[in-house]
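The next block holds one structure in the form of structure tokens; read it before the comments.
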Amino acid sequence: MPTKTCPSVLIEEGENSMSETKMSLLILEEPWEQLCLIPQISSLAWFTTVVPLVLVLAVSGVKDAIDDFVRFVLLSCTLDFAHHSSAQSLKLKDEKWMNIQVGDIIKLENNNFVTADLLLLSSSEPHRPDTKLMQNSGRTTFKRTSIDRLMNVLVLMIFAFLALMCLILAIGNGIWESDKGYNFQVYLPWAEDVTSAPFSAFLMFWSYVIILNTVVPISLYVSVEIIRLGNSFYIDWDRKMYYPLNDTPAQARTTTLNEELGQIKYIFSDKTGTLTQNIMCFNKCSINGKSYGMLPIALILWVSRLSLIATNKRTNKNNSISLVQKQGGSHTTFFSCMAGNLVYQAQSPDEGALVTAARNFGFVFRARTPETITVVEMGETKIYKLLAILDFNNVRKRMSVIVRSPEGDLTLYCKGADTILYELLHPSCESLKEETTEHLNEFAGEGLRTLVVAYKNLDEEYFQDWIKRHHEASTALEGREDKLSEIYEEIEKDLMLLGATAIEDKLQDGVPQTIETLAKASIKIWVLTGDKQETAMNIGYSCNLLYDDMADVFVIEGSTSEDVLNELRNARKKMKPDSFLDSDEINIQTEKSSKTPKVLPDEQANGVYGLVINGHSLAYALEGNLELELVRTACMCKVVICCRVTPLQKVQVLITPNIQPDVTNNLFVAAAHIGVGISGQEGMQAVLSSDFSFAQFRYLQRLLLVHGRWSYIRMCKFLKYFFYKNFAFTLVHFWYGFFSGFSAQTVYDQWFITLYNLMYTSLPVLGMSLFDQDVDDRWSLLFPQLYVPGQQNLYFNKTVFIKCMLQGIYSSLILFFIPYGAMYNTMRSDGKAIADYQSFALMAQTCLLIVVSVQIGLDTSYWTVVNQFFIWGSLSVYFAITFTMYSDGMYLILTASFPFVGKQLSKPVLLKIKEAKKRPPPPSPKRRLRRTSTRRSGYAFSHQHGFGALIMSGRNMRPKSPFATTGTFSPNSEKYKHKGL
């Protein structure tokens, strides 16, 4: 079981921009006096930065350790034993996955979990690279939320603001030192290396960088991690998203995208397995121009089988048997025997439904090897020799097999989309094609999935020549895929039409209601499916994607790029005629730049519209200049349905500009902004590639409208309050610089600076960010319109950030100047001054903590016991620590090292005093005496005019004696003689 070591945790945390910032600031601190790095600019004690940094790394490491431990416990409890063979014994034995070591050989069986990277040595399936697991594998991309991207910009703005403040204070220091400090060096001498005021200003710039760096505190990173982790647990614990039929709870497989769930504008969804149950059932078929399956489903098999056995038309019988033979043999399905029953494991649910239907018709697929297929036909076992498989891909949209029957006949069977196979039919099938097309339209109108089946009898001589060229193309080192495509195209011509099949895939429970609710939340839904246009539209109406009250539903089905462009423009002209004016914002952007803008402004249509586009037209729309037209037209529609699209086209649509979607399909879930996997019948691939997973599509509305919305609101409230309280905290130092000679003296006690974000204000904001609700979950679902502010980024953006910044600046002004004015030139009743540094610092930090605590109370919408405990508890801890640190007892216990705030000066000032003590005292100034030849009395020359006249006049005497009320005083009196006075 891989775990994270301490160095790996430090490396991962060092990749975070905030941690890098704090580490760079730590270099400027003074860890120890003996090992000081840059003492001239170190303004704070080393612990003010080291303690938060160590705490951040510790919390992150503990979080990763808990994740590893939980994963280890889950794997130990849920995983089966592995069939294990060591390199020494070469014997298979059951062993836990935790005991598997490098070099062991593992035998995997069906439905086994794979918990480590394995090298495939051998497989029972020769075409293993064609599995969905192998085809869908790719590199995982790192995903960021829109708030993360906004934070990157805001951090740059904060650093620019920090540099501006430090520059202002540094300039002020340079002016002060040149004006007053230069003449004040007797009391505060400059450092030995400081020789001028500009150099002093340069050092003070970095000193203020250290002091004011708390505008971007490192505790922000820890708090965000905790908030996201807590909101992820809410999703895991939500019982209303638990599906009891297969014991599947909802899972948040990532902890970094929770708030992004509250800002979704587009949902890209597949149809099969997402909107539907992905449980395929053979429903109807068309054979030789005759439709089967018009009776209730319970009678379909009986009627169909009866028609196969008792039909009087030889041609229809042969075609019926050929169709069912094709279903039983033309596939890539495997089987296993469980409890005496055949269980088919098909590459797709459609193949499984066809093979199962063939079994019910009396054509049972029993076994296969790389060279043969064994089928029991009406009780008779026959072995067909498998000569070639012309596999399905996104371009061909069909699959063919070439088999030799026991009688020696060579036959090619082909199945695929009607639009593809119709182009490959023999001209003699024209009338049958028209009849089959009518049946296909009926099947598609009922929402059934359709396939067309054809065949071709091959000549032996031609096939031998073809198979040689096929082998050469399959072994070519260059251009293998192109050569194989040419070989396939050559033999898949002049096919004979057998008929068509129709498979039913029912909608999941609650899909129409969920789509209706999401539409009320202004979420636009795109459905991408490989079904026919009629099938896709019928499913759209049945699940409330399309409805009759829409202003119009545009169908884009042009066969050329010009036709597609005209259809898109006509649709946009009807939805928003003003979009063709020269004054339109997007038209102006396009004219200024030849490149298509990455982000387009939202355009509002004059009604509710839908758009349906087929894969052929979509291929043109995704090329060149048509891409911009497609985006503008489709984004104004409430619903977009893309039919007959390939998996590659799904990804191309997903990465078009201006769209940041939430998708629910495993083929392109990993490439989506947010991937949501639905654990259905196709296995766990979608879940393993997803960011969030659950069992039913209807849970999507609760994931977005409840958990996503709550997470977004909580994160926005957290960021607004966090920036506010830190601007209010930090800018008090800025104002204090104008009253302290710009000497980088701090206002607060250094332990208060250390604990402010880590202890005094961290828990209250975490309590609000984890438990706050503006409305409960019931109201969130009843009023989906509450989701709209998140889509428009109204709760946190650059404007909101500036407002928080201005509020913090205003609060810092109040928090500094009111205590400063209240204590200016004040005295106690005994005549002693109150206006000392310690009292001012204590009053300022106490007022600050009370103000930010009141603000968190005003921001809280949903009060709990936890919120109350965190707010009042944080205040209590502050007063307890303050009384302890400022007590006489602590001073008496630790006299040498006790940081008595009232007697403490800033370290640059202390450094100057220490250096002044080391220097010899400056000589006292001496007056230069002029010497003359005339000797004069010093006393006579010291007074120019005497005071005799003044004394004799009595004008300097007071009218009343100060001793009139207390008696007279005379130093010669008898009362004071014995005292020697």
**Study point:** Side-chain heavy atoms of L518 within contact of I264, under 4.5 Å
**Key:** no

Practice item. Give a yes or no on whether the backbone of S522 and the side-chain of Q791 come within a donor-acceptor separation of less than 3.5 Å. Key: yes

Review point. Is E489 paired with R396 through a side-chain N to carboxylate O contact shorter than 4.0 Å?
Key: no

**Study point:** Euclidean distance, E603 CD relative to K576 NZ, rounded to 0.5 Å
**Key:** 4.5 Å

Exercise for review: Mind telling me whether Y266 and W526 have parallel, tilted or perpendicular rings, with 30° and 60° as the class edges?
Suggested key: perpendicular

Review point. Distance-only, no hydrogens or angles: does the E567 side chain make a donor-acceptor pair with backbone N or O of E557 under 3.5 Å?
Key: yes

Review point. Looking at T450 and L440, what are the two nearest heavy atoms and their distance?
Key: CB-CD2, 3.7 Å

Review point. Is R644 paired with D418 through a side-chain N to carboxylate O contact shorter than 4.0 Å?
Key: yes

Review point. Can you check whether L421 reaches R398 side chain to side chain, under 4.5 Å on heavy atoms?
Key: yes

Review point. Would you find a donor on one side and an acceptor on the other, under 3.5 Å apart, between the side chain of T419 and the backbone of A417?
Key: no

Check your understanding: Are V511 and Q508 close enough that some pair of their side-chain heavy atoms sits under 4.5 Å apart?
Key -> yes

Review point. So, D531 side chain and A536 main chain: donor-acceptor pair closer than 3.5 Å or not?
Key: no

Review point. Hey, what's the ring geometry for Y609 with F554, parallel, tilted or perpendicular (30° and 60° as the breaks)?
Key: parallel

Check your understanding: Are any side-chain N or O atoms of N283 and backbone N or O atoms of A502, one a donor and one an acceptor, separated by less than 3.5 Å?
Key -> no

Review point. Would you call K532 and F443 a side-chain contact if the rule is heavy atoms closer than 4.5 Å?
Key: no

Point to revise | Pairs satisfying side-chain hydrogen bond (donor to acceptor under 3.5 Å, both in side chains), at least one member in residues 610-621, at least two apart | key: N614-S617

Exercise for review: Without swapping roles, check the side chain of E260 against the backbone of S146 for a donor-acceptor pair under 3.5 Å.
Suggested key: yes

Review point. Less than 4.5 Å apart, any side-chain heavy atom of D247 and any of Y242?
Key: yes

Exercise for review: Please answer whether the main-chain N or O of L448 pairs with a side-chain N or O of T535 as donor and acceptor at a distance below 3.5 Å.
Suggested key: yes

Review point. Got V676 and F694 here, is their nearest side-chain heavy-atom distance under 4.5 Å?
Key: yes

Point to revise | Presence of salt bridge, D602 and K524, under 4.0 angstrom | key: no

Point to revise | Y712 side chain reached by M715 side chain, heavy atoms, under 4.5 Å | key: no

Check your understanding: If only atom types and distance count, is the side chain of N231 paired as donor or acceptor with the main-chain N or O of H707 below 3.5 Å?
Key -> no

Point to revise | D238 side-chain N/O to Y234 backbone N/O, donor-acceptor pair under 3.5 Å | key: no

Exercise for review: Flag yes if more than 12 heavy atoms outside K520 fall under 6.0 Å of its NZ atom; otherwise flag no.
Suggested key: no

Exercise for review: Please check if the side chain of R702 supplies one atom and the backbone of M241 the other of a donor-acceptor pair under 3.5 Å.
Suggested key: no

Practice item. Nearest 0.5 Å please: distance from the CG atom of L781 over to the CZ atom of R709. Key: 10.0 Å

Practice item. Run the numbers on T276 and D505 for side-chain hydrogen bond (donor to acceptor under 3.5 Å, both in side chains), then give the verdict. Key: CA-CA 6 Å; T276 62; D505 188 10; 2.4 Å; yes

Practice item. Indicate yes or no: at least one non-hydrogen side-chain atom of F692 is less than 4.5 angstrom from one of T254. Key: yes

Study note, to complete from the structure: Note: T529 and D270 closest approach over all heavy atoms is CA-OD1, 4.1 Å

Check your understanding: Out of curiosity, R698 CZ to L700 CG, how far, rounded to the nearest 0.5 Å?
Key -> 12.5 Å

